[in-house]
Every structure is written in structure tokens, then in C-alpha cells.
Visitor: 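Structure provided below as C-alpha cells; questions to follow.
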Amino acid sequence: PYTLICLGLLVFTRLFGTTANGSERWLTLPFGFALQPSEFAKVAAVMLIAQVTSMTGSFWLKPRFFLNAAILGAMVALI
């Protein structure tokens, strides 16, 4: 769930993010608070990689590996 929330925030930033210093990486929240979702996505990426590598047996052949790899690839592309 955490990874999918981060992926959603990255997509939201891509669509509605605030441009600062030539890059669109920030979400402006109420009360003047700014958030950079890519920082949360880095933690989610580490957790996702840890989950994949902790699988027992040959994790390359499991469908969950390909799903996690696709989510990680989408996160990397959006960052």
C-alpha cells in the first residue's frame, strides 16, 4: 500500500506539481506547506527491493517479482 500511495503522489506531482527553479517536483499543500513525494518514493523503492530479494526460492520466476519490477520502473520513470 505504501508503494502505491507513493506512486499515486508521483503521478499527482507530474500532473499538478509546482515548478521551482525549473523543475516540477513539489506539491503545495494548504497552509503554505510544500512536499516532495520523491523522498517518500525512495523509501518505498528500498522497501520494495527488500521484499523482492527476501523471497525464498527462485524469485525470478514468481509473478509478484514482475509486478514489483513494473511498479519500481514506473516510480523511477516518474522521478
Side-chain angles (χ1 to χ4, degrees):
Y2 181 72
T3 306
L4 295 178
I5 291 170
C6 288
L7 187 62
L9 283 172
L10 288 172
V11 169
F12 192 78
T13 302
R14 185 73 172 161
L15 297 174
F16 305 107
T18 305
T19 303
N21 296 330
S23 64
E24 189 173 331
R25 296 181 184 154
W26 295 89
L27 285 177
T28 304
L29 302 175
F31 309 112
F33 185 69
L35 175 71
Q36 194 171 15
S38 63
E39 296 301 320
F40 297 111
K42 291 175 189 176
V43 175
V46 170
M47 290 170 43
L48 192 62
I49 291 169
Q51 179 186 12
V52 169
T53 57
S54 69
M55 292 180 183
T56 58
S58 179
F59 62 86
W60 294 101
L61 302 176
K62 295 186 179 185
R64 188 171 181 102
F65 170 77
F66 295 109
L67 175 65
N68 289 343
I71 293 171
L72 185 63
M75 287 173 46
V76 169
L78 287 169
I79 290 175

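The structure displayed is predicted, hence computed values, not measured ones. Numbering starts at 1 and runs along the sequence shown.
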Visitor: Suppose we screen for side chain to side chain contact (heavy atoms under 4.5 Å, CB included). Which residues come up paired with I79, at least two apart in sequence or across chains?
Guide: L10, S38, A41

Visitor: Could you state whether V76 and V46 fall into the same hydrophobic cluster, counting links through intermediate Ile, Leu, Val, Met, Phe, Trp or Tyr residues with side-chain heavy atoms under 4.5 angstrom apart?
Guide: no

Visitor: What residues, two or more places apart in sequence or in another chain, satisfy side chain to side chain contact (heavy atoms under 4.5 Å, CB included) together with V43?
Guide: Y2, M47

Visitor: For L9, what residues pass the side chain to side chain contact (heavy atoms under 4.5 Å, CB included) criterion, not counting sequence neighbours?
Guide: I5, L27, P37

Visitor: Could you tell me whether the side chain of L72 reaches within less than 4.5 Å of the side chain of T3, counting heavy atoms only?
Guide: no

Visitor: Could you list the residues that satisfy side chain to side chain contact (heavy atoms under 4.5 Å, CB included) with L29, not counting sequence neighbours?
Guide: F33, L35

Visitor: With sequence neighbours left out, write down each residue that passes ring pair (Phe, Tyr, Trp, His ring centres under 6.0 Å) with F40, or none if nothing qualifies.
Guide: none

Visitor: Of all the heavy-atom pairs spanning Q36 and R25, show the shortest one and how long it is.
Guide: CG-O, 3.5 Å

Visitor: Enumerate the residue pairs fulfilling salt bridge (Lys or Arg N to Asp or Glu O under 4.0 Å) with a member in residues 32-47, sequence neighbours excluded, ordered by first and then second residue.
Guide: E39-K42

Visitor: Nearest 0.5 Å, please: how far is CE in M75 from CG in L4?
Guide: 9.5 Å

Visitor: If you group Ile, Leu, Val, Met, Phe, Trp and Tyr by side-chain heavy-atom gaps below 4.5 Å, do F12 and W26 land in one group?
Guide: no

